[in-house]
Amino acid sequence: MTSPVTHEETVTVRVFTQRFSSTPRGARLARRLALHQLDRWLLPYGSEASDAAGLLVAELAANAVTHGRVPGRDFELTLTYAPGLRLRIDVSDTRGERRPTAATPGPLDEGGRGLLLVDAVATRWAVLDRVPVGKTVRAELDLGAASSSTTAGGRAPAGLPTPPVDAAGPPVLP
């Protein structure tokens, strides 16, 4: 008895990692270099996936600089790209005791909306422990053509997949 032949495509996963100073300038540079790297990986600048990734990197880097800063310590950006499947964005800092939440700010609050944007744009996001010290905030974008285009808020920005609906907060990612 012969088994059916299956054909699996090989996917080359690409990784970019860079450390940046924990300053507003470092956060801006992280976003710019991320968009440049995505363009080199054929996710063109100005595409919907690139724009979504740029927003995620900007928000996570700004949070690392604002809330995760330890003087003299950098933050780290890692992009992991599986073409046509997924883009993972990890931003790590050394303040493990300050864990972000997607709390809703008041109408007159000047800040506190960054993770709401992350929650709306990312397919999923989570906060992970970083060894030996600190935390990593991870956001993922599913890039598959078969994914849906609606967000938890009901709007449908083109090219963005459906995030899982979970009232308990961000899911834990492997």
Side-chain angles (χ1 to χ4, degrees), residues 11-69 73-96 98-102 112-131 134-145 147-149 151-152 157-164 166 169-174:
V11 176
T12 301
V13 176
R14 297 173 172 110
V15 179
F16 169 83
T17 301
Q18 180 71 46
R19 288 189 176 194
F20 299 92
S21 63
S22 289
T23 63
R25 185 177 187 168
R28 284 191 306 274
L29 184 58
R31 180 184 174 279
R32 292 187 69 160
L33 286 180
L35 292 175
H36 177 72
Q37 185 62 50
L38 293 176
D39 190 61
R40 291 184 66 207
W41 287 340
L42 303 180
L43 275 175
Y45 183 79
S47 68
E48 292 169 9
S50 176
D51 288 347
L55 183 137
L56 292 171
V57 170
E59 291 300 331
L60 297 180
N63 282 352
V65 167
T66 305
H67 306 294
R69 183 176 188 275
R73 300 284 179 109
D74 296 337
F75 74 93
E76 183 176 88
L77 168 69
T78 300
L79 304 174
T80 307
Y81 176 53
L85 299 174
R86 177 176 304 114
L87 174 65
R88 177 179 289 168
I89 300 163
D90 289 340
V91 176
S92 302
D93 64 56
T94 54
R95 295 282 303 264
R98 295 196 66 186
R99 314 280 288 188
T101 60
R113 290 171 182 78
L115 286 177
L116 293 175
L117 291 171
V118 169
D119 195 47
V121 172
T123 304
R124 61 196 147 270
W125 70 278
V127 182
L128 309 168
D129 290 329
R130 182 177 184 222
V131 177
K135 68 181 171 299
T136 297
V137 181
R138 172 175 290 168
E140 291 186 351
L141 288 171
D142 285 343
L143 304 173
S147 64
S148 171
S149 303
T151 64
L160 296 180
T162 304
D166 182 8
V172 175
L173 304 176

### Task
Show the numbers, then the answer: is there a side chain to side chain contact (heavy atoms under 4.5 Å, CB included) between Leu115 and Val118?
CA-CA 5 Å; Leu115 286 177; Val118 169; 4.1 Å; yes
### Query
Could you give the distance from CD (Glu59) to CD1 (Ile89), rounded to the nearest 0.5 Å?
11.5 Å
### Query
Between Val65 and Pro24, what is the shortest heavy-atom contact and its length?
CG1-N, 3.7 Å
### Summary
Taking every heavy atom of Ser21 against every heavy atom of Asp74, the minimum-distance pair comes out as CA-OD1, 3.6 Å
#### Entry: Separation between CD of Glu48 and CG of Leu43, rounded to the nearest 0.5 Å
12.0 Å
### Task
Return the minimal non-hydrogen interatomic distance between Leu77 and Ala30, and the atom names on each side.
CD2-O, 3.7 Å
### Summary
Output for pair (Tyr81 OH, Phe16 CZ), nearest 0.5 Å, gives 15.5 Å
### Query
Are side-chain heavy atoms of Leu141 and Arg88 found at a separation under 4.5 Å?
no
### Close side-chain approach of Leu79 and Trp41, heavy atoms under 4.5 Å
yes
### Message
Please determine whether side chain to side chain contact (heavy atoms under 4.5 Å, CB included) holds for the pair Val91 and Thr136, giving the CA-CA distance in whole Å, both sets of side-chain angles, and the decisive distance to 0.1 Å.
### Response
CA-CA 5 Å; Val91 176; Thr136 297; over 6 Å; no
### Task
Tell me, yes or no, whether the heavy-atom count around Arg73 atom CZ, taken from other residues, nucleotides or ligands under 6.0 Å, exceeds 12.
no
### Query
At their closest point, which heavy atom of Asp142 faces which heavy atom of Thr123, and how far apart are they?
N-OG1, 2.9 Å
### Query
Looking at side-chain heavy atoms only, is the closest gap between Phe20 and Leu33 below 4.5 Å?
yes
### Query
Quick one: CG on Asn63 to CG on Asp93, what's the gap to the nearest 0.5 Å?
9.0 Å
### Query
Do Asp129 and Lys135 meet the salt-bridge criterion of a basic N to acidic O distance under 4.0 Å?
no
#### Entry: Leu143 versus Ala49, closest heavy-atom pair with distance
CD2-CB, 4.0 Å
### Query
With a 4.5 Å heavy-atom cut-off, do Gln37 and Gln18 have their side chains touching?
no
### From CG (Leu42) to OG (Ser47), nearest 0.5 Å
10.5 Å
### Query
Would you find a donor on one side and an acceptor on the other, under 3.5 Å apart, between the side chain of Thr66 and the backbone of Ala62?
yes
### Task
Measure the CG-CZ distance between Asp119 and Arg124 for me, rounded to the nearest 0.5 Å.
12.5 Å
### Message
As a quick check of understanding, evaluate side chain to side chain contact (heavy atoms under 4.5 Å, CB included) for Glu76 and Asp90, giving each step before the final call.
### Response
CA-CA 8 Å; Glu76 183 176 88; Asp90 289 340; over 6 Å; no
### Query
Val15 versus Thr78: any side-chain heavy-atom pair under 4.5 Å?
yes
#### Entry: Selection residues 25-41 - residue pairs positive for salt bridge (Lys or Arg N to Asp or Glu O under 4.0 Å), sequence neighbours left out
none
### Task
Could you pull out the closest heavy-atom pair between Gly54 and Leu35, with the gap in Å?
CA-CD2, 3.8 Å
### Candidate pair Tyr45 and Leu38, rule side chain to side chain contact (heavy atoms under 4.5 Å, CB included), full reasoning
CA-CA 8 Å; Tyr45 183 79; Leu38 293 176; over 6 Å; no
